[in-house]
Amino acid sequence: MAKQPLTVVWISDFPIEWLPDLPPPLRALPRRHPATWEMVLLSEFEKNPGLRMHVVALRHRIDRDFSFERKRGCVSHT
């Protein structure tokens, strides 16, 4: 029997405005520091088929909640 992927929730001030494939309502966010270490770490996590990532970005300037799936097994929430 195949193992279920491990679901990981990453709660941080993730720099979602630097992601290349944002939904249209989020594309106008002001670009803050890119926090490249977080972007690199996410790209490494996305390569692991045994992980299902949920990235929760804590931002007060976003008018409403958004959830979108970027790549296989990586869902972002704002």
Side-chain angles (χ1 to χ4, degrees):
M1 182 187 324
K3 291 175 69 174
Q4 293 285 354
L6 176 66
T7 299
V8 176
V9 178
W10 183 1
I11 302 170
S12 73
D13 189 15
F14 191 85
I16 60 165
E17 63 273 11
W18 289 93
L19 294 174
D21 48 0
L22 281 177
L26 298 176
R27 290 183 187 156
L29 287 174
R31 287 191 164 199
R32 299 170 21 170
H33 189 280
T36 53
W37 71 270
E38 289 185 274
M39 301 293 283
V40 170
L41 187 56
L42 179 62
S43 69
E44 291 300 313
F45 285 152
E46 289 173 335
K47 293 176 187 176
N48 186 338
L51 287 179
R52 177 146 174 84
M53 293 293 300
H54 286 263
V55 179
V56 179
L58 303 175
R59 293 295 172 82
H60 68 279
R61 291 188 177 153
I62 299 175
D63 295 337
R64 66 181 192 91
D65 295 340
F66 286 95
S67 291
F68 58 96
E69 188 158 2
R70 293 192 53 242
K71 296 183 178 182
R72 179 228 44 88
C74 183
V75 180
S76 295
H77 307 275
T78 61

Apply the hydrophobic cluster definition, ILVMFWY joined by side-chain contacts under 4.5 Å directly or through others, and give me every member besides V40.
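Listed partners: none, V40 stands alone.
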
Apart from V56 itself, what residues make up its hydrophobic cluster, given side-chain heavy atom links below 4.5 Å?
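V56 clusters with V9, I11, L58.
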
Rounded at 0.5 Å granularity, tell me how far CG in L42 sits from SG in C74.
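Interatomic distance, L42 CG to C74 SG, rounded to 0.5 Å: 4.5 Å.
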
Name all residues meeting the side chain to side chain donor-acceptor pair (under 3.5 Å) criterion together with H54; count only those two or more places apart in sequence or in a different chain, and write none if there are none.
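Result, side chain to side chain donor-acceptor pair (under 3.5 Å) vs H54: H77.
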
Please list, chain by chain and in numerical order, all residues satisfying side chain to side chain donor-acceptor pair (under 3.5 Å) with S43, sequence neighbours excluded.
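So S43 forms no side chain to side chain donor-acceptor pair (under 3.5 Å) with any residue.
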
Evaluate the side-chain proximity of L26 to F66: yes if any heavy-atom separation is below 4.5 Å, no if none is.
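F66 vs L26: side chains touch.
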
Would you check if L22 and F68 make a side-chain contact, meaning some heavy-atom pair closer than 4.5 Å?
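Side chain of L22 against side chain of F68, heavy atoms only: contact under 4.5 Å found.
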
Write down the atom of P15, the atom of A35, and the distance for their closest heavy-atom approach.
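In this case the closest contact between P15 and A35 is CG-CB, 3.9 Å.
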
Do V8 and V75 sit in one hydrophobic cluster, given that two such residues count as connected whenever their side-chain heavy atoms are within less than 4.5 Å of each other, even indirectly?
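Different clusters: V8 never reaches V75 through Ile, Leu, Val, Met, Phe, Trp or Tyr contacts under 4.5 Å.
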
Evaluate E46 against L51 for side-chain contact (heavy atoms from CB on, under 4.5 Å), listing each step before the verdict.
CA-CA 8 Å; E46 289 173 335; L51 287 179; over 6 Å; no

Selection residues 12-23 - residue pairs positive for side chain to side chain donor-acceptor pair (under 3.5 Å), sequence neighbours left out:
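Checked against side chain to side chain donor-acceptor pair (under 3.5 Å) - neighbours excluded - the pairs reaching residues 12-23 are S12-E38, D13-R32, D13-R59, E17-R59, D21-R70.
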
